[in-house]
Amino acid sequence: MKRLVTALLLLAFAQLPALAQAPDPAAGKSLWDGNNTFCKNCHGKNGEGAFGPDLAGRGLSAAQFQQAVRKPWGVMPAFIEDQVSDAELAGMAAYFATLPKSAEPGPWRVPVAAEASHGQQVYMSQGCAQCHGATFDMPRASFGGRAGDFAQMKELVYTHTTAMPKLEPTRPGQRLRMGNFNTLRLSEGQMKEIYDWAHDEIGFRPALQAQLAAGNGATYALNVANNGEAGKGLAAQGVTIDLVIPAGITVASATGNGYKGVHMDALAKANVAEWQVPRIAPKDAQAFTITLSQPPANAADLKGTIRWAKPAPKTGPNLDVVNFGIRPAGPGR
Ligand code: HEC
Ligand code: HEC
């Protein structure tokens with residue numbers, strides 16, 4: 001009993017916020033490595049430097065670290081206490097103090113493409129691509145789903161931590177991973193160039209989302225939804241849904257609109273089961289099922305893609321895709 005009480009007390013203390021505690025480098029490392037912050041997208045997996053400067057072994061104090069994150073002097077967005085607390089920043093500073101200095105910064109996670117248009121170059125050189133990829137997929141889908149305008153884009157970039165929760169309530173325990181950009185470093189003119197590239201050149205995307213779930217035995221359910229707002233969002237037209245069938249497995253049966261059967265796919269270098277749906281409008285959802293000869297040994301091998309003919313990027317190749325697997329999935333961040 002006494003042991004139980006002690007254990008409960010310890011547990012209770014473990015839940016208290018880290019008040020005036022010594023910085024915890026292990027906690028700093030796990031926050032850096034995990035999914036709650038995306039600092040590493042710019043500073044490198046081990047703080048070796050990339051788009052942002054190297055942090056490993058640089059000997060920055062907790063106070064210097066905190067200042068750089070709350071009031072960045074350059075292009076880095078500012079992060080607030082809810083996103084990363086002072087104690088957590090002290091932990092990160094302590095973690096980087098345990099690492100050797102980086103000999104040379106690593107490459108940018110997403111380099112500026114030489115063939116990029118002017119607007120896309122501004123987007124890339126401001127750091128957005130380090131998290132959103134070369135083609136800005138997730139925001140293009142959100143904006144395509146609600147016909148977002150320039151005023152809304154500005155709000156979401158300059159005052160991200162207050163504007164984002166108004167549009168999309170965060171789940172408990174979930175942190176916003178993008179910080180607030182500074183109008184002095186990312187001017188409104190540059191922001192407009194980014195918006196115009198996203199809206200007029202590459203264009204917005206329909207807000208498609210796919211969910212693949214295991215059902216009974218070797219039957220799987222695939223749901224494809226257009227999360228756009230009725231009357232505002234873009235419809236996807238000429239939609240092709242491909243599900244990769246792992247080697248050694250065959251399709252026993254399939255249901256859903258537009259099932260075309262199985263073919264060898266040159267791109268996936270595998271058999272794929274395909275559905276073709278003429279149009280998925282905002283608020284539409286389509287349900288498909290597939291029954292295989294046996295479940296794949298590794299569920300992660302069951303995955304696929306959604307592509308659509310229209311709307312297509314107005315310039316450049318159509319690389320728009322939504323990848324899905326046994327997990328809720330949408331366009332990548
Ligand atoms: C968009 C890319 C980007 C992201 C994301 C980012 N940084 Fe930075 N960081 C930079 C750049 C660029 C600088 C150089 C100074 C500036 O631009 O303010 C910098 C500077 C710093 C510095 C000061 C380094 C020095 O030499 O003085 C620290 C500390 C730092 N960042 C920590 C973080 C932490 C912690 C996070 C996540 C919460 C983070 N950064 C997220 C790009 C980024
Ligand atoms: C550190 C990674 C990171 C960087 C750098 C970044 N973003 Fe984001 N952005 C995100 C994430 C993650 C979200 C989703 C909300 C969140 O977690 O903050 C988001 C959300 C957004 C949204 C709102 C999307 C919606 O659902 O309406 C817009 C717009 C956006 N980003 C634009 C930009 C632009 C423009 C830049 C460059 C100036 C940029 N982002 C830089 C990670 C980043």
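Numbering of ligands and ligand atoms starts at 1, following listing order. These numbers were taken from a predicted model, which means no experiment stands behind them.
Contact check on Glu81 versus Arg70 returns a salt bridge, with a Lys/Arg side-chain nitrogen under 4.0 Å from an Asp/Glu carboxylate oxygen. For the pair Lys192 and Asp196, the salt-bridge criterion is met [side-chain N within less than 4.0 Å of a carboxylate O]. A salt bridge is absent between Lys40 and Glu48; no separation between the charged side-chain nitrogens and carboxylate oxygens falls under 4.0 Å. The pair Asp284-Arg279 fails the salt-bridge criterion, with no side-chain N (NZ, NE, NH1 or NH2) lying under 4.0 Å from an Asp/Glu carboxylate O.
Both tests do not hold together for Arg140 against Phe143: distance to the six-membered ring centre under 6.0 Å, angle to the ring axis within 45°.
Proximity of Cys128 to ligand 2, defined as any heavy-atom pair under 4.0 Å, is shared by backbone and side chain alike. At a heavy-atom cutoff of 4.0 Å, ligand 1 is contacted by the side chain of Leu55 but not by its backbone. At a heavy-atom cutoff of 4.0 Å, ligand 2 is contacted by both the backbone and the side chain of Leu176. At a 4.0 Å heavy-atom cut-off, ligand 1 touches Met92 through the side chain alone. For Gln64, no heavy-atom contact with ligand 1 is shorter than 4.0 Å. Of the heavy atoms in Ala68, only side-chain atoms (C-beta onward) come closer than 4.0 Å to ligand 1. The proximity of Leu186 to ligand 2, defined as any non-hydrogen pair under 4.0 Å, is limited to the side chain. Using a 4.0 Å cut-off between heavy atoms, Trp73 contacts ligand 1 through both its backbone and its side chain.
Considering atom 8 (Fe) of ligand 1 as centre, the angle to NE2 of His43 and to SD of Met76 is 170° (10° rounding).
With a cut-off of 2.8 Å, atom 8 (Fe) of ligand 2 has an N, O or S atom of His132 in range. With a cut-off of 2.8 Å, atom 8 (Fe) of ligand 1 has no N, O or S atom of Cys42 in range.
Side-chain contact check for Asn227 and Gln209: at least one donor-acceptor pair (N or O, by modelled atom type) lies under 3.5 Å. With 3.5 Å as the limit, one finds no donor-acceptor pair spanning the side chains of Thr240 and Gln276. Donor-acceptor pairing under 3.5 Å is lacking for the side chains of Thr289 and Thr219. For the residue pair Thr305 / Asn323, no side-chain donor-acceptor distance below 3.5 Å is found, with atom types taken as modelled. Side chain to side chain, Arg185 and Gln126 fail the donor-acceptor criterion of an N or O pair below 3.5 Å.
Of the N or O atoms in Phe38, none lie within a sub-3.5 Å distance of an N or O in ligand 1. By the 3.5 Å distance cut-off applied to N or O atoms, Asn41 is not counted among the residues near ligand 2. Checked against a 3.5 angstrom limit, the closest N/O atoms of Asp54 and ligand 1 fall outside it. Checked by distance only, ligand 2 and Met178 come closer than 3.5 Å through their nitrogen or oxygen atoms. The shortest N or O to N or O distance between Arg177 and ligand 2 is below 3.5 Å.
At the shortest separation from atom 11 (C) of ligand 1 among protein heavy atoms lies Pro53 CD, 3.5 Å. The protein heavy-atom contact nearest to atom 12 (C) of ligand 1 is Val75 CG2, 3.6 Å. Closest protein heavy atom to atom 32 (C) of ligand 1: Val69 CG2, 3.6 Å. Nearest protein neighbour of atom 41 (C) of ligand 1, counting heavy atoms only, is Phe79 CE1, 3.6 Å. Among protein heavy atoms, atom 18 (O) of ligand 1 sits closest to Gly74 N, 2.7 Å. For atom 38 (C) of ligand 1, the closest non-hydrogen atom on the protein side is Cys39 SG, 2.7 Å. Nearest to atom 25 (C) of ligand 1 among the protein's heavy atoms is Arg58 NH2, 3.7 Å.
Residue contact check for ligand 2: Tyr123 places no non-hydrogen atom closer than 4.0 Å to it. Remark: distances from the non-hydrogen atoms of Met153 to ligand 2 include one below 4.0 Å. Within the structure, ligand 2 lacks Gln152 among the residues with a heavy atom less than 4.0 angstrom away.
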Walk me through it: do Asp265 and Lys269 pass the test salt bridge (Lys or Arg N to Asp or Glu O under 4.0 Å)?
CA-CA 6 Å; Asp265 188 81; Lys269 293 196 181 72; over 6 Å; no
For Arg205 and Asp137, run salt bridge (Lys or Arg N to Asp or Glu O under 4.0 Å): C-alpha distance rounded to whole Å, both residues' side-chain angles, the deciding distance at 0.1 Å, then the answer.
CA-CA 8 Å; Arg205 297 166 45 131; Asp137 293 352; 3.5 Å; yes
side-chain contact (heavy atoms from CB on, under 4.5 Å) assessment of Met178 paired with His132
CA-CA 10 Å; Met178 173 170 153; His132 290 297; 4.2 Å; yes
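The ligand atoms of ligand 2 that sit less than 4.0 angstrom from a heavy atom of Phe136 are 32 (C), 33 (C), 35 (C). The distance from ligand 1 to the heavy atoms of Phe51 drops below 4.0 Å at these ligand atoms: 2 (C). With ligand atoms numbered from 1 in the order given, ligand 2 contributes 25 (C), 26 (O), 27 (O) to contacts under 4.0 Å with heavy atoms of Ser142. Using a 4.0 Å cut-off to heavy atoms of Phe143, the atoms of ligand 2 that qualify are 27 (O), 29 (C). Atoms of ligand 2 found under 4.0 Å from any heavy atom of Cys131 (numbered from 1 in listed order, with element): 1 (C), 2 (C), 3 (C), 4 (C), 5 (C), 42 (C), 43 (C). Against a heavy-atom cut-off of under 4.0 Å, Met138 is close to the following atoms of ligand 2: 13 (C), 14 (C), 19 (C), 20 (C), 24 (C), 26 (O). Here is the list of ligand 1 atoms found below 4.0 Å of a heavy atom in Pro72: 18 (O).
Ring to ring, Trp197 and Tyr123 are close: their centroids are under 6.0 angstrom apart. In this structure, the ring of Phe181 has its center no less than 6.0 angstrom from the ring center of Tyr158.
By the neighbour-count criterion of 12 heavy atoms within 6.0 Å, atom NZ of Lys283 is densely surrounded, having more than that number from other residues, nucleotides or ligands. At most 12 non-hydrogen atoms from other residues, nucleotides or ligands lie less than 6.0 angstrom from CG of Asn216.
Considering CG of Asn46 and NE2 of His43, their distance stands at 13.5 Å, rounded to 0.5 Å.
Residue Ile280 forms a side-chain contact (heavy atoms from CB on, under 4.5 Å) with just one option from Ile306, Asn226, Asn257, and that option is Asn226.
When atom types are taken as modelled, the side chain of Trp32 and the backbone of Lys45 share a donor-acceptor pair closer than 3.5 angstrom.
Nearest residue to atom 28 (C) of ligand 2 from Ala163, Pro139, Gly127 is Pro139 (criterion: closest heavy atom). When the heavy atoms of Arg146, Arg140, Lys40, Met164 are ranked by distance to atom 27 (O) of ligand 2, first place goes to Arg146.
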